[in-house]
Amino acid sequence: KQEVTQIPAALSVPEGENLVLNCSFTDSAIYNLQWFRQDPGKGLTSLLLIQSSQREQTSGRLNASLDKSSGRSTLYIAASQPGDSATYLCAVEGGGADGLTFGKGTHLIIQP
Amino acid sequence: SQTIHQWPATLVQPVGSPLSLECTVEGTSNPNLYWYRQAAGRGLQLLFYSVGIGQISSEVPQNLSASRPQDRQFILSSKKLLLSDSGFYLCACYRTGGRYEQYFGPGTRLTVT
């Protein structure tokens, strides 16, 4: 059974810093990996999708990498801003129709 | 692009009462639909998924059931709620356009008292 772990569980940094969020998964036979953002009391917003054949994806100040063989992904946030404060979730898909397996998330606070 | 509606947005129900949460999708046809639950202190957990009308797969044995009476409607139900059913319920489908990116609705916050 696939398990997804996110480290750290919480992170607080001053504005302007670059930071890295980590995600690991136990079964490397994945179809894709998604990073989501969740604001308090809200649904999920998809940030980046990496197909299993890809190594990384970029969107603005966000860069996500995937090392499928080692079961790891990182989300890099450059020049962090207070508006980046949220919970960031990593999820993997196994390739069937049976949905995503999520990590518990990293709660990120960017201090002004 | 598609839009997912969830109703109601919030709900407070006593233990033992029935439950019906509704998810409807616009802008796509024959979507795969998913129900997830996010309980306090736990990650998002897949509850049910459906690949078509009347087709339901359950991931976790529990007090809940799901139905898909129409192509773009997915309903989560319970006959008798438990305290442990409290949580944030999210409906999802795949975003159209070939990227196989899961797209989530706004969620329903359920509190069982």
Side-chain angles (χ1 to χ4, degrees), chain A residues 1-10 21-27 30-54 57-59 62 64 66 86-107, chain B residues 1-7 9-11 21 23 25 30-52 55-60 66 68 74 87-111:
Chain A
K1 180 184 174 184
Q2 179 74 268
E3 293 184 3
V4 179
T5 303
Q6 292 188 245
I7 295 173
L21 308 182
N22 297 289
C23 172
S24 62
F25 45 95
T26 54
D27 185 349
I30 64 168
Y31 184 70
N32 61 46
L33 182 145
Q34 268 185 271
W35 282 94
F36 294 89
R37 168 186 173 135
Q38 186 176 29
D39 294 289
K42 304 294 185 182
L44 274 62
T45 300
S46 181
L47 298 174
L48 290 164
L49 170 74
I50 310 178
Q51 303 282 7
S52 62
S53 59
Q54 298 174 322
Q57 284 287 326
T58 298
S59 176
L62 304 179
L66 174 63
T87 296
Y88 290 80
L89 296 162
C90 169
V92 298
E93 180 176 359
D98 53 354
L100 300 174
T101 302
F102 281 84
K104 292 186 178 181
T106 294
H107 181 54
Chain B
S1 64
Q2 67 268 55
T3 303
I4 299 178
H5 301 281
Q6 288 189 243
W7 185 89
T10 61
L11 190 60
L21 303 182
C23 168
V25 182
N30 195 30
N32 287 357
L33 294 173
Y34 302 84
W35 277 114
Y36 293 88
R37 178 173 62 195
Q38 189 175 38
R42 302 183 64 180
L44 268 149
Q45 181 183 41
L46 178 66
L47 301 176
F48 300 95
Y49 66 94
S50 171
V51 299
Q55 300 178 64
I56 308 295
S57 296
S58 173
E59 287 295 302
V60 181
R68 187 167 175 178
F74 203 21
F88 193 44
Y89 289 81
L90 290 157
C91 180
C93 69
Y94 284 103
R95 190 186 294 276
T96 55
R99 289 188 61 205
Y100 294 99
E101 176 185 19
Q102 277 223 348
Y103 177 71
F104 284 76
T108 293
R109 174 74 59 186
L110 171 66
T111 303

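All chains are named by letter (A, B, ...) in the order of the sequence lines, taking the proteins before the strands, and each is independently numbered beginning at 1.
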Undergrad: Does any backbone or side-chain atom of B:Q45 lie under 4.5 Å from a heavy atom of chain A? Answer side chain, backbone, both or neither.
TA: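 The answer is neither part of B:Q45.
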Undergrad: Who are the disulfide (SG to SG under 2.5 Å) partners of A:C90, not counting sequence neighbours?
TA: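 If we apply the disulfide (SG to SG under 2.5 Å) test to A:C90, skipping adjacent residues, the hits are A:C23.
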Undergrad: Which bit of A:Q6 is near chain B, if near means a heavy-atom gap under 4.5 Å: side chain, backbone, both or neither?
TA: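 Neither part.
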Undergrad: For chain B, which candidate among A:G105, A:G43, A:A91 shows the most heavy-atom pairs at distances under 4.5 Å?
TA: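 With the most close heavy-atom pairs to chain B, the winner is A:G43.
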Undergrad: So which of B:T10, B:I4, B:L44 has the biggest tally of heavy-atom pairs under 4.5 Å with chain A?
TA: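 Ranked by contacts with chain A, first place is B:L44.
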Undergrad: Rounded to the nearest 0.5 Å, what separates atom NZ in A:K104 from atom CD in B:Q38?
TA: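 Taking NZ in A:K104 and CD in B:Q38, the distance rounds to 11.5 Å.
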Undergrad: Quick check for you: to the nearest 0.5 Å, what is the distance between A:K42 atom NZ and B:R109 atom CZ?
TA: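 The NZ atom of A:K42 sits 11.0 Å away from the CZ atom of B:R109.
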Undergrad: Which heavy atom in A:Q34 sits nearest to a heavy atom in B:E101, and how many Å separate them?
TA: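 Here A:Q34 and B:E101 meet closest at NE2-CG, 3.2 Å.
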Undergrad: Please identify each residue that fulfils ring-ring contact (aromatic ring centres under 6.0 Å, His included) with B:Y36, with sequence neighbours left out.
TA: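 With neighbours one apart ignored, the set is A:F102, B:F104.
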Undergrad: Which atoms of B:L46 are under 4.5 Å from chain A, going by heavy atoms: the side chain, the backbone, both sets, or neither?
TA: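 Just its side chain gets close to chain A.
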Undergrad: Above 12 or not: heavy atoms from other molecules or residues under 6.0 Å from CD of A:E3?
TA: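 12 or below, so no.
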